[in-house]
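Working notes, structure below.
Every chain is numbered from 1 and lettered A, B, ... according to where its sequence line falls, protein lines coming before strand lines.
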Amino acid sequence: MRLDEESKAFHYAVYAVVGQIPYGKVTSYGHIAYLIGRPKNARQVGSSLKHSEYIVSQLNLEDAGISDLPWWRVILSAGTISKRDSGEYEQARRLQDEKVVVDGMKVDLDDFGWFPDLVDI
DNA sequence: GACTTGACTCATT
DNA sequence: GAATGAGCCAAGT
């Protein structure tokens, strides 16, 4: 995977926001995209998280305080956990570990946060 | 360098 | 409400 400066900035912004989602709360891909100024890039946010382990190590983001990214706190705008091979179940489990109410693949709205304060990244 | 894929979203039906 | 389809754009092939 080749990372030019622009995509590095995109990934960094995504991780910076995701890393600030409070324990026990979740938000959506689209909201992350909106916060970093790329509202049309929700899919890229997901892609970014998918490759986060590799990218974080490539960019030495651990030095910037970004590690153990809480990717499981990012869900669909519909309030459900996104479908994929089977990682969805681990995501549900991790959320329940944080006392987030998960009914099937649907997350309780009380835990669905909107974090406009996170814009300053 | 063109074509496909995808951890998405929104408007429409 | 649920289902469908078009739009989106960085990564992967």
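For A:L49, the listed nucleotide lying nearest its side chain is B:dA7; candidates were C:dA11, C:dC9, B:dA7. Taking the side chain of A:S82 as heavy atoms from C-beta on, and the options B:dC8, B:dG6, C:dA11, the nearest nucleotide is B:dC8. With B:dT9, B:dG6, B:dA7 as the choices, the nucleotide that has an atom nearest any side-chain atom of A:K50 turns out to be B:dA7.
The separation between A:Y89 atom OH and B:dA7 atom P is 15 Å, rounded to whole Å. When rounded to the nearest whole Å, the span between CD of A:Q44 and C1' of C:dC8 equals 8 Å. Atom P of nucleotide C:dC8 and atom CG of A:N41 are separated by 11 Å, given to the nearest angstrom. Distance A:I32 CD1 to B:dA7 C1': 12 Å, rounded to the nearest Å. The separation between A:I75 atom CD1 and B:dA7 atom P is 17 Å, rounded to whole Å. One atom, OH of A:Y15, and another, P of B:dA7, lie 14 Å apart when rounded to the nearest Å. Between A:E88 atom CD and B:dA7 atom P the separation is 11 Å, expressed in whole Å. Atoms CZ (A:R38) and C1' (C:dG7) sit 16 Å apart, rounded to a whole Å.
Contact check, A:S77 against B:dT9: a side-chain N or O comes under 4.0 Å of OP1 or OP2. An OP1 or OP2 oxygen of B:dA7 is reached within less than 4.0 angstrom by no side-chain nitrogen or oxygen of A:S48. Side-chain nitrogen and oxygen atoms of A:H11 include at least one within less than 4.0 Å of the OP1 or OP2 phosphate oxygen of C:dA11. At B:dA7, none of the side-chain N or O atoms of A:H51 fall inside 4.0 Å of OP1 or OP2 (strictly under the cut-off). OP1 and OP2 of C:dG7 both lie 4.0 Å or more from every side-chain N or O belonging to A:R43.
The shortest side-chain heavy-atom distance between A:I32 and A:T27 falls under the 4.5 Å cut-off. Counting only heavy atoms from C-beta outward, the side chains of A:K8 and A:L59 approach each other to under 4.5 Å. Looking only at side-chain heavy atoms (C-beta outward), A:F10 and A:V45 come within less than 4.5 Å of each other.
Heavy atoms of A:K40 sit under 4.0 angstrom from primed sugar atoms or phosphate atoms, though from no base atom.
Not one N or O on the side chain of A:R94 forms a donor-acceptor pair closer than 3.5 Å with the backbone of A:W72.
Taking each heavy atom of A:A16 and A:I66 in turn, the nearest pair found is N-CD1, 4.1 Å.
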